[in-house]
Amino acid sequence: MPSSSTERAAPAPARAATAADKALEKLGLVRDIDLALHLPLRYEDETKVIAIAALHDGEVGQVEAVVSDSRIQFRPRRQLVVTLKDEHGDDLVLRFLHFYPSQQKTLAVGKRVRARGEARGGFFGLEMVHPSFKVVAPGTPLPSSLTPVYPSTVQLSQAVLRKAVAGGLARADLDEIVAPALLPPNLPTLREALRRLHEPAPGLDAEALEDRSHPAWQRLKFDELLAQQLSQLQAKREREAQRAPVFAAVRGGRHDALLRELPFRLTPAQRRVADEIARDLTRPVPMHRLLQGDVGSGKTVVAALAAGVAIDAGWQCALMAPTEILAEQHLKKLVGWLAPLGVTVAWLTGSRKGKARTKMMEQVASGEAALVVGTHAVIEEQVRFARLGLAIIDEQHRFGVTQRLALRAKLAESNASGQALEPHMLMMSATPIPRTLAMTLFADLDVSTIDELPPGRTPIETRLFADGKRDEVIARIRDEVGRGRQVYWVCPLVEASAALDLQNATETHQQLCEALPGRMIGLIHGRMPAAEKSAVMSLFSGGQIAVLVATTVIEVGVDVANASLMVVEHAERFGLSQLHQLRGRVGRGATASVCVLLYTGPLSDAAKARLKAMRETGDGFEISRRDLEIRGPGELLGARQSGAALLRFADPLTDEALLLEARRVAERLLETDAAAAERHIARWLGGRVHFLNA
Ligand code: ADP
Ligand code: MG
């Protein structure tokens, strides 16, 4: 063990420099401006020293004293124990459980040391474990400002990082780019703000700096949000320069017929979003719209109406869903609505092979199939469209940028001027997020929101049960089934424990078969062949299967109106939006529905917060808000692929006011000074712009 410490203690100077550069690069710190914008996480107050006698147990303090004893102890484990004695004769023990031999030399008897750390009551009086320390000459002045502590990695010491940041700060171009008149009032310049944050003036209180409410922080957050807004608005403008097919409205066409034939009336919200979409489709600019609406709000019919517009205009529409079951649901609905109107629908999924697939592909290529529904199989290379005009993506966050790009590439036609055409795109999401947030995350998208459910739905009652109460739950199922209703029982299935999870689902299935003799109990999971899955699903939607035990394959989009009870086993293992999606599988008809969340303790804080949110609210917007609070925006909605991933300092939830300002300024700046906009984006995002705009 000692030999390995020796090796680490004396790295060659030249190699150290390279290693530091590499470590800096890993943190994304390449340009001077990157370094200048690398802001402290917190500060240490090294501006004062106190007498050892003034240290309090549990409090952080800095002392200056002379080493009176220094030794390596071997019990209870090997450690360096250094005793300091200050001018009043009081002792303080410094204890290092990990140390280099060089540190023992540095802390030799007689050396004057400034040590800062949390004082703890030890066996021999107060001590500090792993304090930060430095050896000083007598009379060395104390720093006059707080010492910044930067986000770092193991390979990079604070000392190296501080020096690098100070260098970057001195060299970087920090001139104001945006005219002061455009900026929100009362914010310091960027240069002032950065100085303030990297080298806080004496007497500044660390708390105001650390909670990021200080005007200097506000300025940085504003600039960051501005860069993000600019970059996304720019992407939007680029898209607006592209050309898309124009779908002229056809009176008395499929769209109108569908509207007439529907067995229900659209809700005002559905009508509004359908109009927003139809308007986009008459423009020669590719639509890029997110349709968000809570589970069960009726997005599918809105998608069908959009498809009707495209088909009326003589173009093809593709609808892509993340799972085969979901795609099949769409297929059934859409065939039911559109086939009577003379629309041929093709069906493309991974499991469809051979002749059937060849035939479908021919129909797609010839244009005979006006509507193509399926999974990822829709965007496979061999699939050729005659005239793809509209692409609809359900549960868009399950698809990546590449897949969206592939869909766009399926339209290879050119317009009269020889410019390549782009298809219109409609993305659907059942995880609605507040408007402001949608604006930040998707500033390059137009957002349509269905904010009401179809009438006649009764709210779903949500109950939590410890797993020990399983029998009560089964009794409840018996009642429900006795009344002719149907039940879902969902078990978790994660890759890491797939075999065990599957066993669990199978056992639950067995248990329910025994508890409910004479009833058909179905089992469906992701590993079953597609044909088998679809057979089980049709038995369930046909009402023959009374209870469907399922792994999360039914998570999205499945629509069986007669199902009135949803049981989720191991609810603590599911994410909040996942739980909300699952709950949304019931309550689709007029019957009062119940969602039972069975949990197995002990629960983590996050799991508790999720279950509590489920019990307290049924509103998808509120659920998304809570989800954000629990997880942070980075994880939501495939946000990693969007702008939110680039927000280091600003938080779209708490910095809403700044965000709105940034949006306003971004629009003005793009109009009045495109070059300044470019410079601002480059300053903040450097080489990462492509990532943002993908
Ligand atoms: P989601 O938005 O979750 O995709 P769906 O499109 O699956 O919701 O719709 C849920 C159910 O509500 C479907 O059975 C659908 O036919 C029905 N529905 C949709 N719109 C209305 C409406 N305006 N009135 C009554 N029922 C509707
Ligand atoms: Mg849906």
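Every number for a ligand or one of its atoms is a count from 1 in the order of the listing.
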Engineer: Between Glu480 and Arg478, does any side-chain N to carboxylate O distance fall below 4.0 Å?
Structural biologist: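 No, no charged N to carboxylate O under 4.0 Å.
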Engineer: Within ligand 1, which atoms have a heavy atom of Leu266 less than 4.0 Å away?
Structural biologist: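 Reading through ligand 1 atom by atom, the close ones are 23 (N).
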Engineer: Ignoring hydrogens, just give me the one of Gly296, Gly584, Pro454 whose non-hydrogen atom is nearest atom 25 (C) of ligand 1.
Structural biologist: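 Considering heavy atoms of Gly296, Gly584, Pro454, the nearest to atom 25 (C) of ligand 1 sits in Pro454.
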Engineer: Pull out every atom of ligand 1 sitting under 4.0 Å from any heavy atom of Lys333, numbered as shown with elements.
Structural biologist: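 Contacts of ligand 1 toward Lys333, numbered from 1: 13 (C), 14 (O), 16 (O).
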Engineer: Going by the angle between their ring planes, with limits at 30° and 60°, are Phe264 and Trp337 parallel, tilted or perpendicular?
Structural biologist: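 If you compare the ring of Phe264 with that of Trp337, the planes turn out perpendicular.
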Engineer: What I want to know is whether Pro455 and ligand 1 share at least one N or O pair that is separated by under 3.5 angstrom.
Structural biologist: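 No, since none of the N or O atoms of Pro455 sits under 3.5 Å from an N or O of ligand 1.
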Engineer: With atom 6 (O) of ligand 1 as the reference point, say which of Val560, Thr300, Leu291, Ile450 has the nearest heavy atom.
Structural biologist: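 Among Val560, Thr300, Leu291, Ile450, the closest heavy atom to atom 6 (O) of ligand 1 belongs to Thr300.
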Engineer: Taking side-chain hydrogen bond (donor to acceptor under 3.5 Å, both in side chains) as the test, write out the residues that go with Ser448, two or more places apart.
Structural biologist: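 Scan of Ser448 (side-chain hydrogen bond (donor to acceptor under 3.5 Å, both in side chains), adjacent residues dropped) gives Glu276, Arg289.
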Engineer: Between the side chains of Asp294 and His580, does any donor sit under 3.5 Å from an acceptor?
Structural biologist: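 Indeed, the side chains of Asp294 and His580 share at least one donor-acceptor pair under 3.5 Å.
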Engineer: Please walk me through it: do Ile524 and Met537 pass side-chain contact (heavy atoms from CB on, under 4.5 Å)?
Structural biologist: CA-CA 8 Å; Ile524 188 167; Met537 275 321 287; 3.8 Å; yes
Engineer: By side-chain hydrogen bond (donor to acceptor under 3.5 Å, both in side chains), which residues pair with Glu380, not counting sequence neighbours?
Structural biologist: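 Counting only residues at least two positions away or on another chain, Glu380 forms a side-chain hydrogen bond (donor to acceptor under 3.5 Å, both in side chains) with Arg357.
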Engineer: Check each atom of ligand 1 against the heavy atoms of Thr267 and keep those under 4.0 Å away; list them by number with element.
Structural biologist: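 Checking each atom against Thr267, I get 23 (N).
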Engineer: Of all the heavy atoms in Gln329, does at least one lie under 4.0 Å from an atom in ligand 1?
Structural biologist: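 Contact absent.
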Engineer: May I ask you to decide whether Glu572 forms a salt bridge with Lys608, counting only side-chain N to carboxylate O separations under 4.0 Å?
Structural biologist: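 Between Lys608 and Glu572 there is no salt bridge, as every charged N stays at least 4.0 Å from the carboxylate O atoms.
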Engineer: Would Val295 count as a polar contact of ligand 1, with the cut-off being nitrogen or oxygen pairs under 3.5 Å?
Structural biologist: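 In fact, backbone or side chain, Val295 has no N or O that close.
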Engineer: Does Ser297 reach ligand 1, in the sense of a heavy atom lying below 4.0 Å from it?
Structural biologist: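 For ligand 1, residue contact (heavy atoms, under 4.0 Å) with Ser297 is present.
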Engineer: I want to know if ligand 1 touches Arg265 in the polar sense, i.e. an N/O pair below 3.5 angstrom.
Structural biologist: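 In this structure, Arg265 places an N or O atom under 3.5 Å from an N or O of ligand 1.
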